[in-house]
Amino acid sequence: MAVPRERRACGAEVTQPEVRPRLRGLGARCRGWRTVSWAMPRAAGLGRAAALGPLLAAHVVAAIEPISVGIALGAASALTGYLSYTDLYCRFAECCREEQRLNASALKLELEEKLFGQHLATEVILKALTGFKNNKNPKKPLTLSLHGWAGTGKNFVSQIVAENLHSKGLKSNFVHLFVSTLHFPHEQHIKLYQDQLQGWIRGNVSACASSVFIFDEMDKLHPGVIDAIKPFLDYYEQVDGVSYRKAIFMFLSNAGGDLITKTALDFWRAGRKREDIQLKDLEPVLSVGVFNNKHSGLWRSGLIDRNLIDYFIPFLPLEYKHVKMCVRAEMRARGSAIDEDIVTRVAEEMTFFPKGEKIYSDKGCKTVQSRLDFH
């Protein structure tokens, strides 16, 4: 089936639809001057032989009429005399700034001020992103795998990264979030999901080389699905005429949380500081553990076998003092004065493990917002 041609926001023509999954409803949207339909079927419970309903229905997005915009921008350009058509256009619509450098200082400050108890994640993410964005000719996409229990900051970090790479963050047309239980729910349709995943990524990278793809709940992803994107993460200059080398892929998973906690506990029991834990203490254990974990979307994955994941980033379990930091940060975000009595009460309502020592919050900071509502 022929795919209609469409245009990028900044004028370059592409031949693949720019499709991205949306969490609002079960839809995928096509963007550009013209939109194309790209429906993702969903099983009706009767197997592949049965009729498949749409899992991600395509929605038409109204585009700005290009002739009118062209006249307006042309006139403005003539008046200003120094701004290009593209510069002016990008004041009215989001553009893919493929060569835009990362503000490493801003990212560092935001990670240090908003991410608590995660010295490893802060250090590795900052170095990995800075090095990748400063490289004008990377040999492969940047691929990061974030591991740790719920509430330790994985989703929060992905949001910070998205906002520092594209101004609209998770709402950007160039940032794409996949949730395993929503977008890939049926084990019997792995091949279907693989084909559609390749189509999604190919279309979006064709439209913006510096696209960001975030895969949440990797521990709930059916093994084998993610291997569909292995060619895109490899050291190929192009795959079917498309270069993926400037894209960024992030995998978020609870898998490996037990291994991370064991290492953290070993350090604590040995009287060593949490900050003494280094990446080399955890990364090899994580990669092997996740590869051999049947409850991981990366179980026996070619992505690990072929060393295509650049960093396995551990998120350490949070202690009592970190929970209090989260409460204070939430108070500031709400514009409230910091009340240390409330901070202490919220922190003490959390449950901690192991049973004897009670060092780490079993939910991290995940329920801080809802608990603060009661005070």
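Only heavy atoms go into these numbers, but all of them, side chains included; no hydrogens, no water, no symmetry mates.
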| request: Answer with yes or no whether the hydrophobic clustering places L120 together with L265; edges join I, L, V, M, F, W, Y residues whose side-chain heavy atoms lie under 4.5 Å apart. | output: no
| Atom CD1 of I342 and atom NE2 of H375: how far apart are they, to the nearest 0.5 Å? | 7.5 Å
| task | Hey, could you give me the CD/CD distance between Q196 and Q194, rounded to the nearest 0.5 Å? | result | 10.5 Å
| task | Could you tell me whether the side chain of D219 and the main chain of N254 form a donor-acceptor pair under 3.5 Å? | result | yes
Exercise answer: donor-acceptor pairs, residues 319-327 side-chain atoms, under 3.5 Å, sequence neighbours excluded:
residue, atom, partner, partner atom, Å
E319, OE2, R274, NH1, 3.2
H322, ND1, E319, N, 3.0

| task | Compare all side-chain heavy atoms of M331 with those of L372 and state whether any distance is below 4.5 angstrom. | result | yes
| message | Main chain of P284, side chain of S287: is a donor-acceptor contact present, judged purely on distance under 3.5 Å? | response | yes
| message | Less than 4.5 Å apart, side chain to side chain, heavy atoms only: is that true for Y360 and L316? | response | no
| Point-to-point distance, once rounded to the nearest 0.5 Å, from NE2 of H176 to CZ of F215 | 10.0 Å
| said: Closer than 3.5 angstrom, by distance alone: can the side chain of D276 be matched with the main-chain N or O of K273 as a donor-acceptor pair? | reply: yes
Could you list the donor-acceptor pairs under 3.5 angstrom formed by side chains in residues 230-238, with sequence neighbours left out?
residue, atom, partner, partner atom, Å
D234, OD1, R306, NH2, 3.3
D234, OD2, R306, NE, 3.4
D234, OD2, R306, NH2, 2.7

| field | Steps toward side-chain contact (heavy atoms from CB on, under 4.5 Å) verdict (T367, M350) | value | CA-CA 8 Å; T367 61; M350 310 291 278; 3.3 Å; yes
| query | Quick one: do F249 and L126 end up in the same hydrophobic cluster if we chain Ile, Leu, Val, Met, Phe, Trp and Tyr together by side-chain heavy atoms under 4.5 Å apart? | reply | yes
| query | Can you get from W268 to L282 by hopping between Ile, Leu, Val, Met, Phe, Trp and Tyr side chains that sit under 4.5 Å apart? | reply | no
| request: Check whether any side-chain heavy atom of L146 lies under 4.5 Å from a side-chain heavy atom of F315, and answer yes or no. | output: yes
| task | Identify the two heavy atoms, one from L129 and one from I248, that lie closest to each other, and give their separation to 0.1 Å. | result | CD2-CD1, 3.8 Å
| query | Can E163 and K168 be counted as an ion pair, charged N to O under 4.0 angstrom? | reply | no
| query | With the threshold set at 4.0 Å, does a side-chain nitrogen-carboxylate oxygen contact exist between K154 and D216? | reply | no
| field | From NZ (K246) to OG (S210), nearest 0.5 Å | value | 8.0 Å
| query | Taking atom CD of E187 as the centre, does the number of heavy atoms from other residues, nucleotides or ligands within less than 6.0 Å exceed 12? | reply | no
| Which atom of L259 lies closest to which atom of G289, heavy atoms considered | CD1-CA, 3.9 Å
| query | At their closest point, which heavy atom of T351 faces which heavy atom of K363, and how far apart are they? | reply | OG1-NZ, 4.4 Å
| Donor + acceptor pair across side chains of S167, E94 (<3.5 Å) | no
| Hey, quick one: are V157 and V368 part of the same hydrophobic cluster, counting side-chain heavy atoms closer than 4.5 Å, chains of contacts allowed? | no
| Hey, mind stepping through N103 and L107 against side-chain contact (heavy atoms from CB on, under 4.5 Å) and telling me if it holds? | CA-CA 6 Å; N103 187 335; L107 175 60; over 6 Å; no
| query | Just by distance, do the side chain of D281 and the backbone of I277 share a donor-acceptor pair under 3.5 Å? | reply | no
| task | State plainly whether the residues K191 and D195 are in salt-bridge range, i.e. N to O under 4.0 Å. | result | yes
| Is there a side-chain contact between L252 and M250, using heavy atoms and a 4.5 Å cut-off? | yes
| query | To the nearest 0.5 Å, how far apart are CG in D310 and OG1 in T143? | reply | 5.0 Å
| task | Look at atom CD of E357 and say whether more than 12 heavy atoms of other residues, nucleotides or ligands are closer to it than 6.0 Å. | result | yes
| said: I want to check something: taking the side chain as every heavy atom from C-beta on, are P317 and I260 in contact at a cut-off of under 4.5 Å? | reply: yes
| task | Give a yes or no on this: more than 12 heavy atoms of other residues, nucleotides or ligands lie within 6.0 Å of atom NZ of K140. | result | yes
| message | Whether E112 and K108 form a salt bridge (side-chain N of Lys/Arg under 4.0 Å from carboxylate O of Asp/Glu) is what I want to check. | response | yes
| request: Tell me, with the steps shown, if F251 and L303 meet side-chain contact (heavy atoms from CB on, under 4.5 Å). | output: CA-CA 11 Å; F251 305 132; L303 274 61; 3.7 Å; yes
| said: Are L298 and I309 packed together at the side-chain level, in the sense that at least one heavy-atom pair is separated by less than 4.5 angstrom? | reply: yes
| With a 4.5 Å heavy-atom cut-off, do P314 and L286 have their side chains touching? | yes
| remark: Taken to the nearest 0.5 Å, the spacing of F132 CZ from L165 CG works out to 9.5 Å
| said: Closer than 3.5 angstrom, by distance alone: can the side chain of H183 be matched with the main-chain N or O of V179 as a donor-acceptor pair? | reply: yes
| query | Does any N or O in the side chain of H222 come within less than 3.5 Å of the main-chain N or O of P185, such that one atom is a donor and the other an acceptor? | reply | yes
| task | Please report the closest heavy-atom contact between F352 and A347, naming both atoms and the distance. | result | CE1-O, 3.7 Å
| said: In this structure, would I125 and F116 fall into the same cluster of hydrophobic residues linked by side-chain contacts under 4.5 Å? | reply: no
| said: Taking the ring centre of each residue, are W200 and F213 less than 6.0 Å apart? | reply: no
| task | Write down the atom of C365, the atom of L318, and the distance for their closest heavy-atom approach. | result | SG-CD1, 3.6 Å
| query | Counting heavy atoms not belonging to R101, are there more than 12 under 6.0 Å from its CZ? | reply | no
| Hey, is D258 close enough to K262 for a salt bridge, meaning N to O under 4.0 Å? | no
| task | Evaluate the ring planes of Y193 and F184, with Trp represented by its six-membered ring, and classify them as parallel (under 30°), tilted (30 to 60°) or perpendicular (over 60°). | result | perpendicular
| query | Going through the distances and angles, do L279 and F312 end up as a side-chain contact (heavy atoms from CB on, under 4.5 Å)? | reply | CA-CA 9 Å; L279 188 63; F312 289 86; over 6 Å; no
| field | Q118 (side chain) donor-acceptor with T152 (main chain) under 3.5 angstrom | value | yes
| message | Within the structure provided, determine whether T263 and V285 are in side-chain contact (heavy-atom separation under 4.5 Å). | response | no
| request: For A162 and V175, work out which heavy atoms get closest and say how close. | output: CB-CG1, 4.0 Å
